[in-house]
Chemist: 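One structure coming up, written as structure tokens, with questions to follow.
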Amino acid sequence: MATERMKVKAAVTADAIGKTVDVRGWVRTKRESKQGFAFVELNDGSCFQNLQLVIEQTVPGYADLLKQLHTGASLRAVGELKASPAKGQAVELAVRELELYGSADPDSYPLQKKQHSFEFLRDIAHLRWRTNTFGAMARVRNALCDAIHRFFQDRGFLYVHTPIITTSDCEGAGQMFQVTTLDLARLASLQATAGPAGGKPGGFEVDFGQDFFGKRASLTVSGQLEGETVACSIGDCYTFGPTFRAENSNTTRHLAEFWMVEPEMPFYDLDDNAKLAETFIRTILQNVLDRCPRDMEFFRERIDAQAIERIRSIVENDFVRLPYTEAITLLEQSGQTFEFPVKWGIDLQSEHERYLTEKKFGRPVILTDYPREIKSFYMRVNDDGKTVRAMDVLVPGVGEIIGGSQREERLDVLQARMVECGLNPDDYWWYLDLRRYGTVPHAGFGLGLERALLLLTGMANIRDVIPYPRTPKHAEF
RNA sequence: UCCCCGAUAGCUCAAUGGUAGAGCGAGCGGCUGUUAACCGCUAGGUUUUAGGUUCGAGUCCUAAUCGGGGAGCCA
């Protein structure tokens, strides 16, 4: 009869004691005695804990095997799970048979049984999964994604896939990455031949009619507009996928490629929208806390002492609701000196947001009704004519984690706003059709997945909460 | 894109303008139901690159490259 194959997660539980099992994974550390026996910490990623292997010299091939069991080596071990007599672990494996899959030459293997800097680990992102931090991160990220899907699925939201490649010129959301099959090297040489003026006024022009899609195409910066078409036809829905921004941002909170969750709901006003956003945040954070206690404990121990407490506080307390105009008044009356002076009409800066979330209230704040001049064309204009039905959810430490709005459902107002924002309404004919035929009030928001992970884990740099970060000049792996 | 800081052993860091060092990791030995084990010994360096100042540069100056932090833009 074959020995039962078991993952470390199952093996380290008390009810596994007494079983003879087969475990497989990678060596984290080895502590050995030259004459006696050795302890090996085995990790297979199934959970935070390692399984301690106790290897006596009676194990076949002991001497040769031990020489190769460096950090990073992979192996299969068979033996009996026993209650551990020593502190540090409840269960250990008394190894009877050991097989090495692959050694890891310590002269070249970059990971050691010590703490490495995140900067160093970023350069070996393909191996950083094998550290405590990135193992925990992988499991927390997975749990968060699952919680997000479960939240919407439980409420009857439809998961829809909006396009990654888009020909919508601009959504007011920043620089886009161009997608093309044109031969750029050839175009460059043609331009060189034609001269800078291209032999005619206006210079050298690229004919995008020759391009793959017959016009300029880009990677999406948001699935919102397409999401609205779904919401305004078959109801509550959400998108959850990668989005791309070609902005030259070099900060700890920005990525050129990141994942975004964007629900869109018909018959929702801004208040319904804010309620859903708040319930959403609190529910998914609670879910991760419940599901990954050991990983979260690690983040509390090693990364951010407030990690768990901060999440509990967010889960347990109501968010503050605050119209932009009142926020400006609060900031003006705060007695604080800000680098950027506060005045009605400005977009709030990081320092202003921090004052509100960290000093004034000490919890998340939902700011609403921003000046129309600083917000996108699709946000519903209020009766005062000066503000729009926008909302930003700001959280302590991270800043803006959600941006959303009630959408403008009135055709004439929307068209006027497009012109005001310098857009050509003809380019958005399909978007405007939603207002021409059976228009409904509707609303939605977007959550940056990596921002939520920063909040959850207390990690300082967004490049360390996504497996392979893309930032300006960086697309290795 | 702007401002500030940094780059020294595999990793993390020291070194008044005057012989480049420690801890960890690695190898060897010792000791031990060990827990990022412990103790001893050994090996390990074109001080990011290119110029410059100086009798002498890891150290001062200039530039480039790379990295970090902050800001803007935003999720």
Chemist: Name the stems with RNA chain B in them: runs of three or more consecutive Watson-Crick or G-U pairs, distances under 3.5 Å?
Modeler: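 Runs of three or more consecutive pairs: B:1-7 with B:65-71, B:10-13 with B:21-24, B:26-30 with B:38-42, B:48-52 with B:60-64.
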Chemist: For A/Pro85, answer base if it contacts any base atom (sugar-phosphate contacts may also be present), sugar-phosphate if it contacts only those atoms, and nothing otherwise; contact means non-hydrogen atoms under 4.0 Å.
Modeler: base
Chemist: Are the ring of A/Phe39 and the base ring of B/G33 both nearer than 5.5 Å at their centres and tilted by less than 30°?
Modeler: no
Chemist: Scan A/Thr29 against the nucleic acid and name what it touches under 4.0 Å (heavy atoms): base, sugar-phosphate only, or nothing.
Modeler: sugar-phosphate
Chemist: With heavy atoms under 4.0 Å as the rule, sort A/Phe258 into base, sugar-phosphate or nothing.
Modeler: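 Result for A/Phe258 = base.
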Chemist: Any chance the rings of A/Tyr428 and A/Phe377 have centres within less than 6.0 Å?
Modeler: yes
Chemist: Indicate, with a heavy-atom threshold strictly under 4.0 Å, whether A/Glu92 touches base, sugar-phosphate, or nothing.
Modeler: base
Chemist: Given the P atoms of B/A64 and B/A14, what is the spacing between them in whole Å?
Modeler: 26 Å
Chemist: Looking at every strand, decide which applies to A/Ile401 at a 4.0 Å heavy-atom threshold: base, sugar-phosphate, or nothing.
Modeler: sugar-phosphate
Chemist: With a cut-off of less than 4.0 Å, is there a side-chain N or O of A/Gln115 near OP1 or OP2 of B/C11?
Modeler: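 So the side chain of A/Gln115 is outside the cut-off, no N or O lying under 4.0 Å from OP1 or OP2 of B/C11.
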Chemist: Among residues 96-104 of chain A, which ones have heavy-atom contacts with RNA chain B below 4.0 Å?
Modeler: none
Chemist: Have a look at A/Asn250 and say if it touches a base, only the backbone sugar-phosphate, or nothing, with a 4.0 Å heavy-atom cut-off.
Modeler: base
Chemist: Give one of base, sugar-phosphate or nothing for A/Ser84, where a contact means two heavy atoms less than 4.0 Å apart.
Modeler: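 Result for A/Ser84 = base.
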Chemist: Please state the P separation for the pair B/C11 and B/G68 - nearest whole angstrom.
Modeler: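 That atom pair is separated by 16 Å.
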Chemist: Run the ring-centre check on A/Phe340 versus A/His352 and record whether the distance is less than 6.0 Å.
Modeler: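 Not close enough - the centres of the two rings lie 6.0 Å or further apart.
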Chemist: Decide yes or no, distance alone: a donor-acceptor N/O pair under 3.5 angstrom between the base of B/U34 and the side-chain of A/Gln89.
Modeler: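 Yes, the side chain and the base share a sub-3.5 Å donor-acceptor pair.
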Chemist: Determine: side-chain N/O of A/Lys30 to OP1/OP2 of B/U34, distance under 4.0 Å, yes or no.
Modeler: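 For A/Lys30, the contact criterion (side-chain N or O under 4.0 Å from OP1 or OP2 of B/U34) is not met.
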Chemist: Salt bridge or not between A/Glu99 and A/Arg76? Use side-chain N to carboxylate O under 4.0 Å.
Modeler: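 Salt bridge: yes.
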Chemist: Picking from B/A71, B/A75, B/G68, which would you name as closest to the side chain of A/Glu119?
Modeler: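 Shortest atom-to-atom distance from the side chain points to B/G68.
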Chemist: Would you indicate what A/Ile402 reaches in the nucleic acid, counting non-hydrogen atoms under 4.0 angstrom: base, sugar-phosphate, or nothing?
Modeler: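 If one applies the 4.0 Å heavy-atom cut-off, A/Ile402 turns out to touch the sugar-phosphate alone, with no base involved.
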Chemist: Using atom C1' in both nucleotides, what's the gap between B/A26 and B/C66 to the nearest angstrom?
Modeler: 28 Å
Chemist: Please determine, by modelled atom types, if A/Tyr109 and A/Arg130 share a side-chain donor-acceptor pair under 3.5 angstrom.
Modeler: yes
Chemist: Would the base of B/G72 count as contacting A/Gln349 through its side chain, where contact means a donor and an acceptor less than 3.5 Å apart?
Modeler: no
Chemist: Can you tell me the distance, in whole Å, between the CG atom of A/Leu394 and the P atom of B/C74?
Modeler: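 My rounded result for the distance is 13 Å.
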Chemist: Roughly how far apart are A/Gln49 CD and A/Phe298 CZ, rounded to 0.5 Å?
Modeler: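 Rounded to the nearest 0.5 Å, the CD-CZ separation comes to 12.5 Å.
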Chemist: Check if the side chain of A/His254 and the base of B/C74 share a donor-acceptor pair of N or O atoms closer than 3.5 Å.
Modeler: yes
Chemist: Using the closest heavy atom to pick a nucleotide of RNA chain B for each, name whichever of A/Val54 or A/Glu400 lands nearer the 5' end.
Modeler: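 This one resolves to A/Val54.
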Chemist: Rounded to the nearest Å, what distance is computed from the CD1 atom of residue A/Ile374 to the C1' atom of nucleotide B/C74?
Modeler: 13 Å
Chemist: Look at A/Arg31 and B/A36 and indicate whether a side-chain polar atom (N or O) is within less than 4.0 Å of OP1 or OP2.
Modeler: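 So the side-chain polar atoms of A/Arg31 never come under 4.0 Å of the phosphate oxygens OP1 or OP2 of B/A36.
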Chemist: Give A/Ser350 one of three labels, base, sugar-phosphate or nothing, depending on what nucleic acid heavy atoms sit under 4.0 Å from its own.
Modeler: sugar-phosphate
Chemist: Categorize A/Arg463 for me: base, sugar-phosphate, or nothing, with a 4.0 angstrom heavy-atom threshold over every strand shown.
Modeler: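 Here A/Arg463 touches the backbone only, sparing every base.
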Chemist: Polar pairs (N or O, both sides) under 3.5 Å between protein and nucleotides 45-49 of chain B?
Modeler:
none

Chemist: Nearest-nucleotide wise, let me know which of A/Gln112 and A/Gln52 is further upstream toward the 5' end of RNA chain B.
Modeler: A/Gln112
Chemist: Ring-plane angle category for A/Phe240 and A/His149, please: parallel below 30°, perpendicular beyond 60°, tilted otherwise.
Modeler: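 Aromatic pair A/Phe240/A/His149 classed tilted.
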Chemist: Once the angle between the rings of A/Trp344 and A/Tyr324 is folded into 0 to 90°, is it parallel (under 30°), tilted (30 to 60°) or perpendicular (over 60°)?
Modeler: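 Aromatic pair A/Trp344/A/Tyr324 classed perpendicular.
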Chemist: Is there a donor and acceptor pair closer than 3.5 Å between the side chain of A/Ser249 and the base of B/C73?
Modeler: yes
Chemist: Using a 4.0 Å heavy-atom cut-off across all strands, classify A/Asp107 as base, sugar-phosphate, or nothing.
Modeler: sugar-phosphate
Chemist: Do any side-chain nitrogens or oxygens of A/Thr251 fall under 4.0 Å of OP1 or OP2 in B/A71?
Modeler: no
Chemist: Assess whether a salt bridge exists between A/Glu41 and A/Lys113, defined as any Lys/Arg side-chain N lying under 4.0 Å from an Asp/Glu carboxylate O.
Modeler: no
Chemist: Quick one: is A/Arg253 getting a side-chain N or O under 4.0 Å of the B/G70 phosphate, OP1 or OP2?
Modeler: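 No, because none of the side-chain N or O atoms of A/Arg253 sits under 4.0 Å from OP1 or OP2 of B/G70.
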Chemist: What about the rings of A/Phe152 and A/Phe280, do their centers lie closer together than 6.0 Å?
Modeler: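 Ring centroids of A/Phe152 and A/Phe280 are less than 6.0 Å from each other.
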Chemist: Hey, does the side chain of A/Arg122 come within less than 4.0 Å of B/G68's phosphate (OP1/OP2), counting only N and O?
Modeler: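 Result: yes.
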Chemist: With heavy atoms under 4.0 Å as the rule, sort A/Lys473 into base, sugar-phosphate or nothing.
Modeler: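 No contact.
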Chemist: Check this for me, if you would: do A/Asp464 and A/Arg128 make a salt bridge, where the nitrogen-to-carboxylate-oxygen distance has to be below 4.0 angstrom?
Modeler: yes
Chemist: Any salt bridge linking A/Glu351 with A/Arg354? Criterion: basic side-chain nitrogen under 4.0 Å from a carboxylate oxygen.
Modeler: no
